[in-house]
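These notes are about the structure you will find just below.
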Amino acid sequence: MKTLFLIRYGEIGLKGKNRTFFEKTLTNNIKRALRDLAHCRIYRTHSRHFVEVTEGDAEAVAKRLQEIFGIVSVSPVAVADLSLEAIQDVALKEFAKVARPGLRFKVNTKRANKQFPLPSMEVSAKVGAHLLKNFSGLKVDVHEPEAVLDVEIREENAFIYTERLEGPGGLPVGVAGKGLLLLSGGIDSPVAGFLTMKRGVTLEALHFHSPPFTSERAKEKVIDLCRRLASYGGKIRLHLAHFTEIQTELRLKTPERLMVTLMRRMMFRIAQRLAEETGALALITGESLGQVASQTMESMNVIERVTSIPVLRPLIGMDKQEIMTLAQKIETYPISIRPYEDCCTLFLPDFPATRPRLQQVEEAEKALEIEALVAGSLEKREVLEIDY
Ligand code: ATP
Ligand code: MG
(Lines give C-alpha, C1' and ligand atoms only; values in the text may rest on other atoms or scores of the structure.)
(Ligands and ions follow the chains in the order given, each with its own letter.)
Protein backbone atom coordinates (compact mmCIF):
# COMPACT_ATOMS: atom_id res chain seq x y z
CA MET A 1 0.00 0.00 0.00
CA LYS A 2 1.21 3.49 -0.84
CA THR A 3 1.64 6.06 1.89
CA LEU A 4 1.79 9.76 1.19
CA PHE A 5 3.44 12.21 3.58
CA LEU A 6 2.86 15.92 3.46
CA ILE A 7 5.81 17.89 4.81
CA ARG A 8 5.59 21.40 6.22
CA TYR A 9 8.45 23.79 6.58
CA GLY A 10 8.22 27.08 8.34
CA GLU A 11 11.08 29.54 8.24
CA ILE A 12 12.24 28.63 4.81
CA GLY A 13 8.98 29.83 3.34
CA LEU A 14 9.93 33.32 4.49
CA LYS A 15 13.27 33.70 2.84
CA GLY A 16 12.18 35.53 -0.32
CA LYS A 17 14.67 35.17 -3.12
CA ASN A 18 16.54 32.34 -1.47
CA ARG A 19 13.45 30.26 -1.30
CA THR A 20 14.14 28.05 -4.32
CA PHE A 21 17.63 27.32 -3.06
CA PHE A 22 16.27 26.41 0.36
CA GLU A 23 13.59 24.19 -1.09
CA LYS A 24 15.99 22.39 -3.40
CA THR A 25 18.40 21.81 -0.54
CA LEU A 26 15.60 20.35 1.57
CA THR A 27 14.52 18.07 -1.30
CA ASN A 28 18.08 16.81 -1.70
CA ASN A 29 18.46 16.27 2.04
CA ILE A 30 15.22 14.28 2.12
CA LYS A 31 16.33 12.17 -0.85
CA ARG A 32 19.63 11.43 0.78
CA ALA A 33 18.09 10.59 4.12
CA LEU A 34 15.64 8.14 2.60
CA ARG A 35 17.86 6.60 -0.01
CA ASP A 36 18.32 3.20 1.66
CA LEU A 37 15.04 3.10 3.47
CA ALA A 38 12.25 2.74 0.94
CA HIS A 39 11.20 3.41 -2.62
CA CYS A 40 9.95 6.95 -2.58
CA ARG A 41 8.85 9.65 -4.93
CA ILE A 42 9.65 13.12 -3.68
CA TYR A 43 8.08 16.23 -5.16
CA ARG A 44 7.04 19.70 -4.16
CA THR A 45 4.29 22.18 -4.86
CA HIS A 46 3.57 25.58 -3.29
CA SER A 47 5.55 25.50 -0.02
CA ARG A 48 4.82 21.84 0.57
CA HIS A 49 6.95 18.80 -0.01
CA PHE A 50 5.45 15.39 -0.56
CA VAL A 51 7.02 12.01 -0.06
CA GLU A 52 5.18 9.09 -1.56
CA VAL A 53 6.37 5.76 -0.23
CA THR A 54 5.65 3.26 -2.98
CA GLU A 55 7.37 0.34 -1.31
CA GLY A 56 8.97 -0.15 2.09
CA ASP A 57 8.49 0.73 5.73
CA ALA A 58 6.41 3.92 5.91
CA GLU A 59 6.81 4.20 9.67
CA ALA A 60 10.58 4.20 9.36
CA VAL A 61 10.28 6.87 6.70
CA ALA A 62 8.19 9.03 9.03
CA LYS A 63 10.74 8.65 11.80
CA ARG A 64 13.56 9.63 9.46
CA LEU A 65 11.66 12.68 8.18
CA GLN A 66 11.26 13.84 11.76
CA GLU A 67 15.05 14.14 12.01
CA ILE A 68 15.60 16.36 8.98
CA PHE A 69 16.32 20.01 9.74
CA GLY A 70 13.96 22.43 8.04
CA ILE A 71 10.95 20.16 8.54
CA VAL A 72 8.40 21.54 10.99
CA SER A 73 5.91 18.72 10.80
CA VAL A 74 4.93 15.67 8.81
CA SER A 75 1.47 14.26 8.20
CA PRO A 76 0.49 11.01 6.58
CA VAL A 77 -2.33 12.13 4.28
CA ALA A 78 -5.17 10.56 2.34
CA VAL A 79 -6.06 11.94 -1.08
CA ALA A 80 -9.54 12.76 -2.30
CA ASP A 81 -10.90 13.97 -5.63
CA LEU A 82 -12.17 17.52 -5.76
CA SER A 83 -15.81 17.05 -4.81
CA LEU A 84 -17.55 17.38 -1.49
CA GLU A 85 -18.76 13.75 -1.63
CA ALA A 86 -15.28 12.42 -2.29
CA ILE A 87 -13.87 14.51 0.55
CA GLN A 88 -16.57 13.29 2.94
CA ASP A 89 -15.91 9.66 1.99
CA VAL A 90 -12.18 9.90 2.54
CA ALA A 91 -12.68 11.93 5.73
CA LEU A 92 -14.78 9.13 7.11
CA LYS A 93 -12.08 6.55 6.49
CA GLU A 94 -9.36 8.75 7.94
CA PHE A 95 -11.34 9.70 11.00
CA ALA A 96 -12.05 6.04 11.77
CA LYS A 97 -8.42 5.88 12.95
CA VAL A 98 -9.12 8.22 15.87
CA ALA A 99 -12.87 8.22 16.45
CA ARG A 100 -14.29 7.07 19.80
CA PRO A 101 -17.44 7.94 21.76
CA GLY A 102 -17.10 11.24 23.59
CA LEU A 103 -14.24 12.53 21.42
CA ARG A 104 -14.23 16.32 21.04
CA PHE A 105 -13.22 17.25 17.51
CA LYS A 106 -13.24 19.86 14.83
CA VAL A 107 -12.71 20.00 11.09
CA ASN A 108 -10.24 22.52 9.78
CA THR A 109 -10.38 23.34 6.07
CA LYS A 110 -7.86 25.27 4.02
CA ARG A 111 -8.88 26.13 0.50
CA ALA A 112 -5.75 27.02 -1.49
CA ASN A 113 -7.65 26.27 -4.70
CA LYS A 114 -10.18 29.07 -5.05
CA GLN A 115 -11.82 27.28 -7.99
CA PHE A 116 -13.35 24.86 -5.55
CA PRO A 117 -17.02 25.95 -5.31
CA LEU A 118 -17.55 25.84 -1.53
CA PRO A 119 -15.88 28.20 0.94
CA SER A 120 -13.76 26.54 3.59
CA MET A 121 -16.20 27.17 6.47
CA GLU A 122 -18.90 25.36 4.59
CA VAL A 123 -16.65 22.42 3.77
CA SER A 124 -15.75 22.12 7.46
CA ALA A 125 -19.40 22.23 8.48
CA LYS A 126 -20.48 19.63 5.92
CA VAL A 127 -17.64 17.25 6.60
CA GLY A 128 -18.20 17.68 10.37
CA ALA A 129 -21.89 16.87 9.99
CA HIS A 130 -21.00 13.79 7.95
CA LEU A 131 -18.69 12.53 10.70
CA LEU A 132 -21.29 13.21 13.41
CA LYS A 133 -23.83 11.21 11.44
CA ASN A 134 -21.54 8.22 11.00
CA PHE A 135 -19.75 7.93 14.34
CA SER A 136 -21.79 7.85 17.52
CA GLY A 137 -20.98 10.03 20.53
CA LEU A 138 -18.66 12.58 18.87
CA LYS A 139 -18.82 16.18 20.02
CA VAL A 140 -17.81 19.27 18.10
CA ASP A 141 -15.44 21.55 20.01
CA VAL A 142 -13.78 24.27 17.98
CA HIS A 143 -11.90 25.78 20.93
CA GLU A 144 -10.26 22.82 22.63
CA PRO A 145 -10.59 19.84 20.34
CA GLU A 146 -8.88 16.56 21.18
CA ALA A 147 -8.72 15.65 17.51
CA VAL A 148 -8.58 17.76 14.36
CA LEU A 149 -9.40 16.55 10.90
CA ASP A 150 -7.57 18.73 8.40
CA VAL A 151 -8.77 19.18 4.85
CA GLU A 152 -6.46 20.95 2.41
CA ILE A 153 -7.99 21.71 -0.93
CA ARG A 154 -5.27 22.12 -3.54
CA GLU A 155 -5.09 22.37 -7.33
CA GLU A 156 -5.61 18.76 -8.24
CA ASN A 157 -6.68 17.02 -5.06
CA ALA A 158 -7.74 17.45 -1.52
CA PHE A 159 -5.52 16.14 1.29
CA ILE A 160 -7.08 14.84 4.45
CA TYR A 161 -5.32 13.99 7.67
CA THR A 162 -5.58 13.76 11.42
CA GLU A 163 -1.96 13.40 12.46
CA ARG A 164 0.91 15.88 12.77
CA LEU A 165 4.30 14.46 13.67
CA GLU A 166 6.70 17.08 14.92
CA GLY A 167 9.93 17.70 13.00
CA PRO A 168 13.05 19.38 14.39
CA GLY A 169 12.43 22.74 12.67
CA GLY A 170 15.43 24.92 11.85
CA LEU A 171 16.95 25.31 8.39
CA PRO A 172 18.00 22.64 5.90
CA VAL A 173 21.66 21.72 6.30
CA GLY A 174 23.60 23.22 3.43
CA VAL A 175 22.01 26.66 3.23
CA ALA A 176 24.31 28.44 5.69
CA GLY A 177 27.90 27.61 4.76
CA LYS A 178 30.38 25.36 6.50
CA GLY A 179 31.66 25.30 10.08
CA LEU A 180 34.43 23.30 11.71
CA LEU A 181 33.29 21.50 14.85
CA LEU A 182 35.90 20.75 17.50
CA LEU A 183 34.58 17.37 18.47
CA SER A 184 35.79 15.70 21.64
CA GLY A 185 34.40 12.42 22.87
CA GLY A 186 32.42 14.27 25.53
CA ILE A 187 28.77 15.13 25.99
CA ASP A 188 28.85 18.77 24.96
CA SER A 189 30.50 19.14 21.58
CA PRO A 190 28.14 16.76 19.72
CA VAL A 191 25.22 18.80 21.05
CA ALA A 192 26.94 21.99 19.86
CA GLY A 193 27.31 20.37 16.44
CA PHE A 194 23.65 19.42 16.40
CA LEU A 195 22.50 22.95 17.23
CA THR A 196 24.74 24.47 14.57
CA MET A 197 23.45 22.07 11.93
CA LYS A 198 19.98 23.08 12.97
CA ARG A 199 20.75 26.55 11.63
CA GLY A 200 21.62 25.12 8.22
CA VAL A 201 25.39 24.84 8.68
CA THR A 202 27.29 21.98 7.05
CA LEU A 203 29.78 20.42 9.47
CA GLU A 204 33.33 19.37 9.09
CA ALA A 205 34.75 17.87 12.33
CA LEU A 206 38.15 17.93 13.98
CA HIS A 207 39.19 15.61 16.78
CA PHE A 208 42.52 15.59 18.58
CA HIS A 209 43.85 12.34 19.87
CA SER A 210 47.08 11.29 21.47
CA PRO A 211 48.03 7.78 20.46
CA PRO A 212 49.30 5.65 22.10
CA PHE A 213 47.96 7.35 25.26
CA THR A 214 44.45 7.43 23.84
CA SER A 215 42.98 4.16 22.58
CA GLU A 216 41.41 2.92 19.37
CA ARG A 217 38.18 2.72 21.33
CA ALA A 218 38.28 6.46 21.99
CA LYS A 219 38.63 6.99 18.26
CA GLU A 220 35.72 4.64 17.52
CA LYS A 221 33.61 6.66 19.91
CA VAL A 222 34.23 9.87 18.00
CA ILE A 223 33.46 8.12 14.72
CA ASP A 224 30.18 6.89 16.20
CA LEU A 225 29.32 10.40 17.38
CA CYS A 226 29.94 11.70 13.87
CA ARG A 227 27.75 8.99 12.44
CA ARG A 228 24.95 9.99 14.77
CA LEU A 229 25.34 13.65 13.78
CA ALA A 230 25.43 12.67 10.11
CA SER A 231 21.95 11.23 10.49
CA TYR A 232 20.73 14.79 11.02
CA GLY A 233 22.87 16.63 8.53
CA GLY A 234 24.37 14.26 5.99
CA LYS A 235 27.94 13.21 5.45
CA ILE A 236 30.62 14.66 7.76
CA ARG A 237 34.32 14.76 7.02
CA LEU A 238 36.22 13.95 10.22
CA HIS A 239 39.84 14.97 10.68
CA LEU A 240 41.74 13.05 13.35
CA ALA A 241 44.73 15.18 14.25
CA HIS A 242 47.68 14.12 16.40
CA PHE A 243 48.12 15.83 19.71
CA THR A 244 50.71 13.53 21.27
CA GLU A 245 53.74 15.55 20.32
CA ILE A 246 52.16 18.81 21.44
CA GLN A 247 51.20 17.45 24.82
CA THR A 248 54.65 15.98 25.31
CA GLU A 249 56.28 19.30 24.45
CA LEU A 250 53.96 21.24 26.72
CA ARG A 251 54.67 18.93 29.58
CA LEU A 252 58.40 19.20 29.15
CA LYS A 253 58.67 22.90 28.47
CA THR A 254 55.83 24.88 30.04
CA PRO A 255 54.41 25.45 33.55
CA GLU A 256 51.95 22.78 34.58
CA ARG A 257 49.24 25.14 35.74
CA LEU A 258 48.98 26.68 32.28
CA MET A 259 48.65 23.30 30.60
CA VAL A 260 44.93 23.56 29.86
CA THR A 261 45.16 27.08 28.45
CA LEU A 262 48.16 26.25 26.32
CA MET A 263 46.59 23.04 25.05
CA ARG A 264 43.48 24.86 24.03
CA ARG A 265 45.40 27.62 22.30
CA MET A 266 47.17 24.94 20.27
CA MET A 267 43.85 23.32 19.40
CA PHE A 268 42.44 26.63 18.21
CA ARG A 269 45.51 27.41 16.12
CA ILE A 270 45.31 24.05 14.40
CA ALA A 271 41.55 24.35 13.96
CA GLN A 272 41.89 27.77 12.38
CA ARG A 273 44.50 26.46 9.95
CA LEU A 274 42.25 23.57 8.99
CA ALA A 275 39.24 25.87 8.64
CA GLU A 276 41.18 27.99 6.17
CA GLU A 277 42.18 24.90 4.24
CA THR A 278 38.67 23.48 4.05
CA GLY A 279 36.66 26.65 3.55
CA ALA A 280 34.99 26.58 6.97
CA LEU A 281 33.83 30.04 8.05
CA ALA A 282 33.73 29.52 11.81
CA LEU A 283 34.90 27.20 14.57
CA ILE A 284 32.31 25.54 16.78
CA THR A 285 32.93 24.30 20.31
CA GLY A 286 30.91 22.71 23.09
CA GLU A 287 31.96 25.28 25.65
CA SER A 288 29.47 26.76 28.03
CA LEU A 289 30.16 29.45 30.58
CA GLY A 290 31.72 28.70 33.93
CA GLN A 291 31.61 24.94 33.60
CA VAL A 292 35.31 24.25 34.06
CA ALA A 293 38.61 26.14 34.42
CA SER A 294 39.04 26.73 30.71
CA GLN A 295 35.50 28.04 30.33
CA THR A 296 35.67 31.20 32.39
CA MET A 297 35.46 34.49 30.51
CA GLU A 298 39.09 35.15 31.38
CA SER A 299 40.21 31.81 29.93
CA MET A 300 38.15 32.18 26.80
CA ASN A 301 39.57 35.60 26.27
CA VAL A 302 43.14 34.36 26.44
CA ILE A 303 42.45 31.24 24.41
CA GLU A 304 40.50 32.82 21.60
CA ARG A 305 43.15 35.42 20.85
CA VAL A 306 45.02 32.94 18.69
CA THR A 307 42.17 32.85 16.17
CA SER A 308 40.84 35.45 13.79
CA ILE A 309 37.73 33.66 12.57
CA PRO A 310 34.51 33.56 14.61
CA VAL A 311 34.17 30.91 17.30
CA LEU A 312 30.58 29.79 17.78
CA ARG A 313 29.56 28.40 21.16
CA PRO A 314 25.94 27.35 20.81
CA LEU A 315 25.81 25.97 24.38
CA ILE A 316 27.04 29.15 26.02
CA GLY A 317 23.91 29.78 28.09
CA MET A 318 22.98 26.20 28.86
CA ASP A 319 23.36 24.31 32.13
CA LYS A 320 24.95 20.90 32.15
CA GLN A 321 21.56 19.33 32.86
CA GLU A 322 19.95 21.01 29.86
CA ILE A 323 22.82 19.88 27.66
CA MET A 324 22.49 16.31 28.91
CA THR A 325 18.76 16.28 28.28
CA LEU A 326 19.30 17.38 24.71
CA ALA A 327 22.15 14.87 24.27
CA GLN A 328 19.73 12.15 25.30
CA LYS A 329 17.08 13.35 22.93
CA ILE A 330 19.43 13.35 19.96
CA GLU A 331 20.89 10.01 21.06
CA THR A 332 24.51 11.07 21.34
CA TYR A 333 24.49 10.66 25.12
CA PRO A 334 24.97 6.87 25.31
CA ILE A 335 27.96 7.17 22.97
CA SER A 336 29.46 10.10 24.88
CA ILE A 337 29.41 8.32 28.21
CA ARG A 338 31.46 5.35 27.03
CA PRO A 339 34.43 5.42 29.38
CA TYR A 340 37.41 5.88 27.04
CA GLU A 341 39.80 8.69 27.86
CA ASP A 342 40.29 11.61 25.51
CA CYS A 343 43.51 13.53 25.19
CA CYS A 344 42.41 16.44 27.37
CA THR A 345 42.22 14.30 30.47
CA LEU A 346 45.87 13.28 30.12
CA PHE A 347 48.48 15.09 32.15
CA LEU A 348 45.95 17.37 33.74
CA PRO A 349 47.27 19.58 36.53
CA ASP A 350 45.65 19.41 39.95
CA PHE A 351 45.20 23.17 40.05
CA PRO A 352 44.69 24.62 36.59
CA ALA A 353 44.73 28.41 36.31
CA THR A 354 41.19 29.73 36.10
CA ARG A 355 42.39 33.27 35.35
CA PRO A 356 45.39 32.85 33.08
CA ARG A 357 47.09 36.10 32.13
CA LEU A 358 47.81 36.67 28.48
CA GLN A 359 51.31 37.92 29.12
CA GLN A 360 52.24 34.84 31.16
CA VAL A 361 50.81 32.58 28.54
CA GLU A 362 52.64 34.26 25.71
CA GLU A 363 55.84 34.13 27.72
CA ALA A 364 55.43 30.41 28.29
CA GLU A 365 54.82 29.79 24.59
CA LYS A 366 58.22 31.21 23.70
CA ALA A 367 59.63 27.81 24.65
CA LEU A 368 57.66 26.15 21.85
CA GLU A 369 58.11 25.75 18.10
CA ILE A 370 54.52 26.63 17.46
CA GLU A 371 54.50 26.63 13.68
CA ALA A 372 56.20 23.25 13.46
CA LEU A 373 53.81 21.76 16.02
CA VAL A 374 50.74 23.04 14.16
CA ALA A 375 51.99 21.78 10.81
CA GLY A 376 53.06 18.45 12.29
CA SER A 377 49.70 17.78 13.88
CA LEU A 378 47.85 18.43 10.62
CA GLU A 379 50.31 16.53 8.48
CA LYS A 380 49.87 13.36 10.45
CA ARG A 381 46.11 13.59 10.45
CA GLU A 382 43.76 10.95 9.21
CA VAL A 383 40.67 12.02 7.25
CA LEU A 384 37.47 9.96 7.24
CA GLU A 385 34.18 10.49 5.45
CA ILE A 386 31.41 9.52 7.80
CA ASP A 387 27.82 8.81 6.91
CA TYR A 388 25.18 7.13 8.99
P1 ATP B 1 32.90 18.15 25.79
O2 ATP B 1 31.82 17.51 26.59
O3 ATP B 1 32.47 18.59 24.43
O4 ATP B 1 34.15 17.33 25.78
P5 ATP B 1 33.85 19.62 28.04
O6 ATP B 1 32.76 20.11 28.91
O7 ATP B 1 34.55 18.37 28.39
O8 ATP B 1 33.25 19.51 26.55
P9 ATP B 1 36.42 20.88 27.58
O10 ATP B 1 37.14 19.62 27.78
O11 ATP B 1 36.89 22.12 28.23
O12 ATP B 1 34.88 20.82 27.93
O13 ATP B 1 36.36 21.16 26.04
C14 ATP B 1 35.71 22.27 25.54
C15 ATP B 1 35.54 22.14 24.05
O16 ATP B 1 36.81 22.01 23.40
C17 ATP B 1 34.81 20.88 23.68
O18 ATP B 1 33.42 21.05 23.76
C19 ATP B 1 35.27 20.69 22.24
O20 ATP B 1 34.59 21.56 21.36
C21 ATP B 1 36.73 21.12 22.33
N22 ATP B 1 37.59 19.93 22.57
C23 ATP B 1 37.98 19.43 23.76
N24 ATP B 1 38.74 18.33 23.60
C25 ATP B 1 38.82 18.11 22.28
C26 ATP B 1 39.46 17.11 21.46
N27 ATP B 1 40.15 16.10 21.98
N28 ATP B 1 39.33 17.21 20.12
C29 ATP B 1 38.62 18.23 19.57
N30 ATP B 1 38.01 19.19 20.29
C31 ATP B 1 38.10 19.14 21.62
MG1 MG C 1 35.57 17.01 27.24
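Nothing here was measured: the structure is a model prediction, and the numbers come from that model. We use all heavy atoms of the structure for the numbers below, so side chains are in, but hydrogens, waters and symmetry mates are not. Atoms within each ligand, like the ligands themselves, are counted from 1 in listed order.
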Test of understanding: given a 4.0 Å heavy-atom threshold, classify the contact between L181 and ligand 1 as side chain, backbone, both, or neither.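 Neither part.
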Classify the contact between Q295 and ligand 1 as side chain, backbone, both or neither, using a heavy-atom distance cut-off of under 4.0 Å.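 It is the side chain that touches ligand 1; the backbone stays farther off.
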Quick one: which ligand 1 atoms are inside 4.0 Å of a heavy atom on [X]?
X	result
L206	29 (C)
G186	1 (P), 2 (O), 4 (O)
I187	2 (O)

Taking only residues two or more places apart in sequence or in another chain, which ones pass ring pair (Phe, Tyr, Trp, His ring centres under 6.0 Å) with F159?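 Expected list: F50.
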Mind checking what makes ring pair (Phe, Tyr, Trp, His ring centres under 6.0 Å) contact with H239, not counting sequence neighbours?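 Applying ring pair (Phe, Tyr, Trp, His ring centres under 6.0 Å) to H239 gives none.
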Would you say ligand 1 has an N or O under 3.5 Å from any N or O of [X]?
X	result
L182	yes
P190	no
G286	yes
T285	no

Give me the atom names and distance for the closest heavy-atom approach of L138 to L131.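 Nearest pair, atom of L138 first, then L131: CD1-O, 3.9 Å.
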Could you check L195, L225, L181, V222 and say which one makes a side chain to side chain contact (heavy atoms under 4.5 Å, CB included) with P190?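 Of L195, L225, L181, V222, side chain to side chain contact (heavy atoms under 4.5 Å, CB included) with P190 is met by L225 alone.
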For atom 16 (O) of ligand 1, which of the options M267, R264, E287, R313 provides the nearest non-hydrogen atom?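 When every heavy atom of M267, R264, E287, R313 is considered, R264 comes closest to atom 16 (O) of ligand 1.
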Rounded to the nearest 0.5 Å, how far apart are OG1 of T296 and CG of L289?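 Output value for this atom pair is 8.0 Å.
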Out of R265, Q360, K253, which residue meets the side chain to side chain donor-acceptor pair (under 3.5 Å) rule with E365?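 Filter result, single survivor: R265.
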Are D224 and K221 within salt-bridge range, i.e. N to O under 4.0 Å?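 Salt bridge between D224 and K221, a charged N being under 4.0 Å from a carboxylate O: no.
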